[in-house]
Amino acid sequence: MTNDNLMIKPRVRFAPSPTGALHIGGVRTALYNYLFARQQGGTFILRIEDTDQGRYVPGAEEYIIEALRWVGLRPDEGVGFGGPDGPYRQSDRKEIYLKYAHELVQRGHAYYAFDTPEELDVCRQSQEHFTYNHLTRNGLLNSLTLGDAESSSRIAEGKHFVIRLKVEPGRSIRIKDLIRGDVVFESSELDDKVLLKTDGMPTYHLANIVDDHLMRITHVIRGEEWLPSTAHHVLLYEGFGWQDTMPLFSHLPLIMKPVGNGKLSKRDGAKFGIPVFPLSWKGETVEENFDGFRETGFLPEAVVNFLALLGWHPGGDQDLFSMDELIQLFSIEHIGKSGARFDYEKAKSFNQKYIHAMDNATLVALVRPLAEAKGYQVSDAFLSKAVALMKERVTFLTDFVEMGYYLFEPVREYDEVTLQKRWNGEIATVFAELTEKLATFDFFNSVELEEAVKAFIQEKGLKPGDILPLLRIAFVGTMKGPAVFETAEVFGHEETLLRLRAFLIR
RNA sequence: GGUCCGUUCGUCUAGGGGUUAGGACACGUCCCUUUCACGGAUGAAACACGGGUUCGAUUCCCGUACGGACUACCA
C-alpha cells in the first residue's frame with residue numbers, strides 16, 4: 001500500500017455539526033487543523049455536518065463562522081467561503097451519499113435493513129448488550145436474510161429501510177494514528193453501523209468518508225471521541241476502493257472539566273461561572289444561554305495561545321506564542337495523548353499578559369465600543385490615557401469600563417471601611433484646605449501635583465498616609481486603584497477639583 | 001459489561017536509560033509601592049503502583065490500579 005499523502009499539499013477540514021454554539025474544544029480542533037494547513041502550505045476547509053435534521057439549530061452555522069473569524073481562523077474553502085469541492089454543507093449533498101450508499105451495497109459491503117427502531121429496542125431490552133453485527137444480522141430483517149427479490153419489492157413498496165455497513169468478522173484493522181501510533185481493532189467486535197438513515201440522510205460515518213474522499217482530505221485531525229469508530233471508517237475506505245488515498249488520522253486528546261471527572265461540557269460554563277464557548281449564545285431559554293470568551297473580555301490572541309497549549313507544546317520553556325509562531329512551530333508529533341484539564345485561571349493569565357503587551361492605540365480601539373455601550377462619550381486622547389493607566393491591573397477588556405468605571409463617571413460609592421479609619425473632623429478641615437489650594441493650582445502633570453501635595457502635607461506636619469489614601473478615595477472611591485497622582489493627571493485639573501468637592505460634600 | 005485510549009508538581013506541560021526532573025498558572029514569603037496591580041527575588045510542589053530488561057530506570061516491556069472515550073437510524 002502506498003500513501004502519497006506526504007508528498008502533496010495537505011488538505012484538512014474542520015467539520016462541526018450546527019447543533020448549537022461551537023464548544024471551545026471545537027475551536028481547538030479547528031485551530032490545530034488551521035495551524036497544520038498553514039504551516040504545510042495546505043488548505044483548510046470548513047464543512048458543515050448537518051445530517052441530523054432533528055438536532056439542527058438555526059443560527060449555529062453563522063455562530064461557527066463568526067467564532068472562527070473572531071479567533072482568526074479563516075477557511076480557504078467551505079460554507080461561506082466557496083471552493084471547487086462544494087457544496088460544503090452536507091444537507092446539500094444528500095444525493096451524493098445516496099448514490100454512494102447504494103454503490104456500497106452493489107459492491108457487497110453494505111446491505112438493506114428493514115428492522116424498525118422499535119424492533120431493535122425490543123432486541124436491546126431482551127438481550128443485555130445487543131448489537132447489530134455479524135452474529136445477529138442473520139436473525140434480523142435485512143437483504144441478507146430476505147434475499148434480493150424480497151428486499152427489492154419491499155423497497156419498491158415504499159417500506160422504510162436503512163443501509164448498514166457489512167462488517168466481515170475475523171480480521172484485524174490497523175489504524176496508523178499520528179498521535180497514538182498503531183491502534184488495532186478486531187472486526188469481529190465491530191457492529192454493522194447504519195450508513196443511510198430512513199429519512200435518506202447519511203449518518204456521520206458515511207457522509208464523512210464520502211466527503212473526505214471527494215474533497216481530497218489528506219489528514220483527519222479530530223477529537224478522540226472518534227477513535228473507536230475509525231475502524232469503521234477504514235472499512236468504508238476499503239469498501240469503496242479508496243484505501244490508497246485514505247487520509248492520515250490524528251486523534252486529539254479531549255478537554256476535561258475544570259474540576260471533577262469527565263470531559264468539558266457546555267453545562268460546565270454555568271456550573272463554574274466561566275465561559276466555555278468562544279462567543280456568547282442566546283438560546284430558547286435562560287438555561288440555554290451561554291457566556292462567551294469574547295463577551296467576557298478576552299482577546300482572541302490570548303484564547304488562541306491558551307487553546308494551542310491545551311494538549312500541545314513545541315518543547316522548551318516558551319509559553320507565549322503569536323499565531324505566526326504557532327504556525328511555524330506546530331507539529332502533530334508534539335500533541336499530547338492524555339486529556340487536558342480546562343484551567344480557567346491560566347486562560348485569564350494569558351489574557352492579562354496579552355493586554356499588558358498591547359499598545360494603547362490598539363487597546364483604545366477595542367475599549368471604545370465597550371465604553372460607548374455604557375454610554376460613555378470620550379475622546380481618543382482621554383481613552384488612551386485611561387487605558388494606559390489601567391492596563392497593568394485589568395484581566396479582561398471589560399475591566400476597563402467595569403472595574404474602572406470611575407474613569408468615565410462620578411464615583412458611585414466611597415470605601416466606608418477606610419473612611420472610618422482615616423476620616424475625622426480635623427482631617428476634614430485640612431482636606432478642604434488642600435482642595436482650595438489645588439483649586440488655584442492648575443497643575444499639568446502628576447509630578448507637579450505630587451510635589452504640591454507633598455509640600456502641603458509637610459507644611460501641615462502630616463504624614464503622606466494621612467492624605468494620600470483619602471485622595472485616592474476622593475478620586476476613585478476605592479483603595480484598589482491606579483496611582484493617585486497619575487489618576488489626577490488623566491482627569492485633568494477641572495475634573496480633579498470636581499471630584500474633591502464631591503467627596504467633601506458626600 | 002465490552003472495545004479502544006491514556007497516566008511527570010494542584011493544573012497545563014518540558015524532558016527522557018545516568019538530570020539538583022525545567023518552565024508556566026495557581027499558592028507562600030520577601031523587595032518595589034503608604035492602595036491595588038505590574039515587575040523582581042525566593043519557597044513549597046511531580047515521574048500512579050508492582051514486576052521485569054539493564055551496571056543503572058521517571059524514561060523500554062508486562063501487569064495492576066486509576067482516569068477517559070466509545071458502545072444510537074447523534075455527531
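In the text below, chain A, chain B and the rest are named by the order of the sequence lines, each starting its count at 1.
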>> I'd like to know if the side chain of A:Glu186 reaches the main chain of A:Ser188, judged simply by a donor and an acceptor atom lying under 3.5 Å from each other, with no hydrogens or angles considered.
In response: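 It does not hold such a pair.
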
Pairwise [atom1] distance for [N] and [M], with rounding to whole Å:
N: B:rC9; M: B:rA45; atom1: C1'; answer: 5 Å
N: B:rG1; M: B:rU64; atom1: P; answer: 14 Å
N: B:rU20; M: B:rG15; atom1: C1'; answer: 15 Å
N: B:rC70; M: B:rC27; atom1: P; answer: 34 Å

> Please give, in whole Å, the distance from B:rG6 P to A:Ile255 CD1?
Replying inline: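 Going from A:Ile255 (CD1) to B:rG6 (P), I get 18 Å.
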
>> From NZ of A:Lys257 over to P of B:rC12, roughly how many Å is that when rounded to an integer?
In response: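 Rounded to the whole Å, the gap is 15 Å.
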
Within a radius of less than 6.0 Å around [atom1] of [X], do more than 12 heavy atoms belonging to other residues, nucleotides or ligands occur?
X: A:Glu413; atom1: CD; result: no
X: A:Glu238; atom1: CD; result: yes
X: A:Glu62; atom1: CD; result: yes

> Can we say A:Glu224 and A:Arg180 salt-bridge, meaning some charged N sits less than 4.0 Å from an Asp/Glu carboxylate O?
Replying inline: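 A salt bridge links A:Glu224 with A:Arg180.
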
> Do A:Arg55 and A:Asp52 meet the salt-bridge criterion of a basic N to acidic O distance under 4.0 Å?
Replying inline: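 Counted as a salt bridge, because a side-chain N and a carboxylate O are separated by less than 4.0 Å.
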
Over all strands shown, is [X] touching base, sugar-phosphate only, or nothing at heavy-atom distances under 4.0 angstrom?
X: A:Phe185; value: sugar-phosphate
X: A:His129; value: base
X: A:Gly223; value: nothing

> Which nucleotide in the list B:rU11, B:rC4, B:rG22 gets nearest to the side chain of A:Asp317?
Replying inline: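 Side chain of A:Asp317 sits closest to B:rG22.
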
> What residue among A:Lys166, A:Arg137, A:Arg164 forms salt bridge (Lys or Arg N to Asp or Glu O under 4.0 Å) with A:Asp192?
Replying inline: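 Option passing the salt bridge (Lys or Arg N to Asp or Glu O under 4.0 Å) with A:Asp192: A:Arg137.
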
> What string of B, S and - do you get for nucleotides 62-75 of chain B 5' to 3' if you count protein non-hydrogen atoms under 4.0 Å?
Replying inline: -----SSSS--BBB

> Which letter, B, S or -, goes with each nucleotide of nucleotides 28-43 of chain B from 5' to 3', with contact meaning a protein heavy atom under 4.0 Å?
Replying inline: ------BBBBS-----

>> At less than 3.5 Å, do the side-chain atoms of A:Lys346 and the base atoms of B:rC12 form a donor-acceptor pair?
In response: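 For A:Lys346, whose side chain was compared with the base of B:rC12, there is a donor-acceptor pair (under 3.5 Å).
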
> Where each residue is assigned the nucleotide of RNA chain B containing its nearest heavy atom, which of A:Phe306 and A:Asp319 is assigned the position nearer the 5′ end?
Replying inline: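 By nearest-heavy-atom nucleotide position, the 5'-most residue is A:Phe306.
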
> Considering all heavy atoms of both residues, which atom of A:Tyr32 and which atom of A:Ile335 are nearest to each other, and what is their separation?
Replying inline: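 What the structure gives for the nearest pair is CD2-CD1, 4.0 Å.
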
> Can you tell me the Watson-Crick or wobble partner of B:rG67, both distances under 3.5 angstrom?
Replying inline: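 Looking at the geometry, B:rG67 pairs with B:rC5.
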
>> Taking the ring of A:Trp226 and the ring of A:Phe249, is the distance between their centroids below 6.0 Å?
In response: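 Distance test on ring centres: not under 6.0 Å, no.
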
